[in-house]
Amino acid sequence: MKRVSAAASLLAVIAACPAYAQVAQPDSGTASDPSPPAAPAHDIVVTAHKLDAARASIQPSLGATAYTITNEAIQALPGGDNQQFNQIILQLPGVVQDGFGQFHVRDDHNNLQYRINGTILPEGLAVFGQTLSPRLIDRFSLLTGALPAQYGLRTAGIIDVTTKSGVFDNGGSVSLYGGSRGMIEPSVEYGGSSGSTNYFVSGDFRHNDVGIESVDGSSNPIHDRTDQAQAFGYVDHIIDQENRVSFVGGYSNQSFQIPNPRGLHPDAGWSVGGVTDFLSDDLNERQIEKTAFGQFAFLHDSGPLTYQVSLFGRYSSLRYRPDMLGELLFNGQAQQAFKQDFTMGGQIDGAYRVNDANTIRAGILVTRDRGVSDTTTAVFPVDSSGSQNGEPISIVDNGGATEWTYSAYLQDELKLSRQLTLNIGGRFDHYDGYRSESQFSPRASLVWQSLGTTVHLGYARYFSPPPFENVATTSIAKFDGTSAAAGSTLDTTPFAERQNYYDVGLQQKLGGGFTLGVDGYLRRSRNLIDEGQFGAPIILTPFNYRKGRIQGVEANMSYAHGGWLAYANFAYAKAQGLEVVSSQFNFDGPASDPATELGYIARHYVYLDHDQTYTGSAGLSYAFRQGPLSGLKLGGDMIYGSGLRADDDVNGIPNGLALKDYAQFNLSAGYRIARPGISLRFDIINVGDHVYQIRDGSGVGVGAPQYGPRRGFFFGISKSI
């Protein structure tokens, strides 16, 4: 049985499909801890459930907004767990699709924190690749809004993953999935237990001919293959009814070709050894991304006290290999780039239940991050007019730095009445890297619940340092007098973003399995952090707007009854920034000239490049549970976007236009033959073959166009083992 404490007022899980969409409310469960399925009468299983519930009680989400998806819900989506993690997250409210597999929560750029079984997964360098496979997920939650004090540093959204465990899922499966555009993906997963030790492992390999979004909208882009290998392992040992140790580890090795535009020729007038022409179809650029992570945790739960002590580490590297001749002729420069980052740290979180109406929570976090950046850039020497003045030369620019981050929080959850809960606290964060900054951040929320209605109101002060692993270390003076000279001589180191965040929401449970919710938010930022791709390597670089203003509203509906699962989400958002105050050398300047990019942004609020005014998603599935069609499941989902931003060149306004809106529909059918344990599935992605742009190549910090996926047919078969 799950341990229940009236004082441990956390999030209740509300069935939505395939997402469990919920708004924070006091209850004995948590968004990361839905009521476990009936377990066999075995002490190890009961103890494992009890310790899982205890771990979840340390980190409640009271006052925040949370949306949860289970593994069963993932399987109901077109593609199931064969698709990449970001595609699943796009089905949640307020999540905006972007190029390179990126997504944005509530019009923020990245600023996401991943947690695995309650322990932070440090940030890495991956741009295209996905570190986490859906196969390892038992369930995950997206937490956003006015977060409690235990969540900090990355605050646009917390993606809290609970992994599969052999104690609940003895056995496994092997599968093969593939289809259009050379897609093939074999995989295996297995979980089991031996005495008090439980384990789960998974691995997969993905190959296809569209590793990155097409740059021209064609169904079969040129030079876009990818090979991606991933492995994951989990093991825990239950020492006794009060203590457990666990280890989580994973590795990914992913190679991407950079897709080529068709039929282009250089027109900038550069020459290399007398060669002036190069067909864009023949470009050969590649990027390789590797990530490895590990987490060790000790969990203790006894009486009123529960705590978890964790140690973690993550290594990641990114290597960009240019086409030297082609990039020199097209861009005037070609840069080989290698970046690596290694982060390690420790985390302690605890909860003390004073009585049924009062729970105190506290924790500390310490991390050390070491980053290295090595680049060799081939450039042309130029004269005072910018004309070529000789053959290419190479400029080496290597560097590295270390950052330490220290965080601590304390908060108190008080049940003021049976219906009303107050959660109040604060956290202190300090980082010392390229800069040294600190902030104390108060948090407060009220949650009222009665007769199926939940209302929450929250305030949070946020402090988000720039992503250390992406901060540029370029010595811009080295490139003076070359074809890679910066547009501005200013190179201010990025600042930490400081926000005031206000959030209010309402959720109503109706009869018959319906749940409705609406949530509104308002952000005001100083030194708002954005990121852009500047230069040929596909590496994102952070910069700051002096002021930022972001606001929006999200609405969601869910229905679950019998074999029916349905959901629909719609969101409005507006995000703007004023005056670029860091990494200015990446922009056209100077700021004193209103006709330049820097000059215009210094005088006007502009939309952020990743702003999308309207975003929607929806899904419907039905599982036949009886009769001759038992084992058959039919479903579909869709995403809608009103379009990301593009430059208004006519009026000279950066990010002044929105791209055309789009909708993508997907269908899925699955059938399970129970006795041999064989499952079959058939998926159609982009049923209408709608051609739409995610990016058009313009906009602040945007380097290339990207298009959504074209229609594809995919088949899968799996066998239980």
Side-chain angles (χ1 to χ4, degrees), residues 11-25 31 65-70 72-80 83 86-97 103-107 139-145 157 452-454 504-521 552-573 612-623 633-643 661-668 683-688 690 692 708:
L11 289 175
V13 175
I14 296 128
C17 304
Y20 289 152
Q22 71 251 357
V23 178
Q25 62 184 42
T65 302
Y67 307 103
T68 297
I69 293 183
T70 66
E72 180 182 4
I74 291 173
Q75 299 297 347
L77 292 169
Q83 61 186 314
N86 66 303
Q87 295 299 314
I88 298 170
I89 296 175
L90 290 177
Q91 293 298 318
L92 296 175
V95 180
V96 175
Q97 177 181 215
F103 59 90
H104 308 286
V105 175
R106 293 190 169 184
D107 263 7
R139 59 192 179 272
F140 78 91
S141 298
L142 170 63
L143 281 63
T144 187
T453 302
T454 301
V504 60
L506 168 69
Q507 175 199 278
Q508 181 65 57
K509 292 183 182 180
L510 305 175
F514 279 100
T515 301
L516 301 175
V518 63
D519 195 275
Y521 58 92
V553 179
E554 298 169 354
N556 62 82
M557 179 279 292
S558 64
Y559 173 75
H561 184 74
W564 288 100
L565 303 174
Y567 67 96
N569 309 303
F570 192 76
Y572 161 82
Q612 182 165 271
T613 305
Y614 300 108
T615 303
S617 60
L620 175 69
S621 68
Y622 182 76
K633 181 178 289 187
L634 302 176
D637 65 22
M638 63 85 65
I639 58 172
Y640 166 79
S642 62
D661 61 349
Y662 64 88
Q664 177 185 317
F665 294 85
N666 314 302
L667 293 176
S668 179
D683 302 307
I684 307 177
I685 304 302
N686 195 355
V687 174
H690 176 49
Y692 66 91

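Position 1 is the first residue of the sequence; numbering continues from there. Side-chain atoms are counted along with the backbone in the values below, which use heavy atoms only and exclude waters and symmetry mates.
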[Y] and [X] aromatic ring geometry - parallel, tilted or perpendicular at 30°/60° bounds:
X: Tyr622; Y: Trp564; answer: tilted
X: Tyr559; Y: His561; answer: tilted
X: Tyr614; Y: Phe570; answer: parallel

[X] side, atom [atom1]; [Y] side, atom [atom2] - distance, nearest 0.5 Å:
X: Phe103; Y: Ile89; atom1: CZ; atom2: CD1; value: 3.5 Å
X: Leu565; Y: Leu620; atom1: CG; atom2: CG; value: 8.5 Å
X: Asn686; Y: Tyr692; atom1: CG; atom2: OH; value: 6.5 Å
X: Ser558; Y: Leu516; atom1: OG; atom2: CG; value: 7.5 Å
X: Lys509; Y: Thr454; atom1: NZ; atom2: OG1; value: 7.0 Å
X: Asn569; Y: Gln91; atom1: CG; atom2: CD; value: 8.0 Å

Side chains of [X] and [Y]: does their closest heavy-atom pair fall under 4.5 Å?
X: Leu92; Y: Ile69; answer: yes
X: Thr615; Y: Tyr640; answer: no
X: Asp519; Y: Val504; answer: no
X: Thr515; Y: Leu510; answer: no
X: Pro93; Y: Tyr67; answer: yes
X: Val96; Y: Asp107; answer: yes
X: Gln75; Y: Thr70; answer: no

Between Thr613 and Tyr572, is the side chain to side chain contact (heavy atoms under 4.5 Å, CB included) condition met? List the steps. CA-CA 5 Å; Thr613 305; Tyr572 161 82; 3.6 Å; yes

Pair [X]-[Y], side-chain donor/acceptor within less than 3.5 Å:
X: Tyr662; Y: Gln97; answer: yes
X: Asn666; Y: Gln664; answer: yes
X: Gln612; Y: Ser642; answer: no

May I ask you to decide whether Glu72 forms a salt bridge with Arg139, counting only side-chain N to carboxylate O separations under 4.0 Å?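 Not counted as a salt bridge, because no side-chain N and carboxylate O are separated by less than 4.0 Å.
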
Side chain to side chain contact (heavy atoms under 4.5 Å, CB included) evaluation trace for Thr65 with Leu143: CA-CA 6 Å; Thr65 302; Leu143 281 63; over 6 Å; no

Residue set satisfying side-chain hydrogen bond (donor to acceptor under 3.5 Å, both in side chains) with Asp683, at least two apart, ordered chain then number -> Tyr177, Ser668, Arg681

Closest approach of [X] and [Y], non-hydrogen atoms and distance?
X: Gly80; Y: Ile88; value: O-CD1, 4.4 Å
X: Tyr521; Y: Val553; value: CE2-N, 4.1 Å
X: Gly452; Y: Gln508; value: O-NE2, 3.4 Å
X: Gly636; Y: Pro78; value: CA-CG, 4.2 Å
X: Ala571; Y: Glu554; value: CB-CG, 3.9 Å

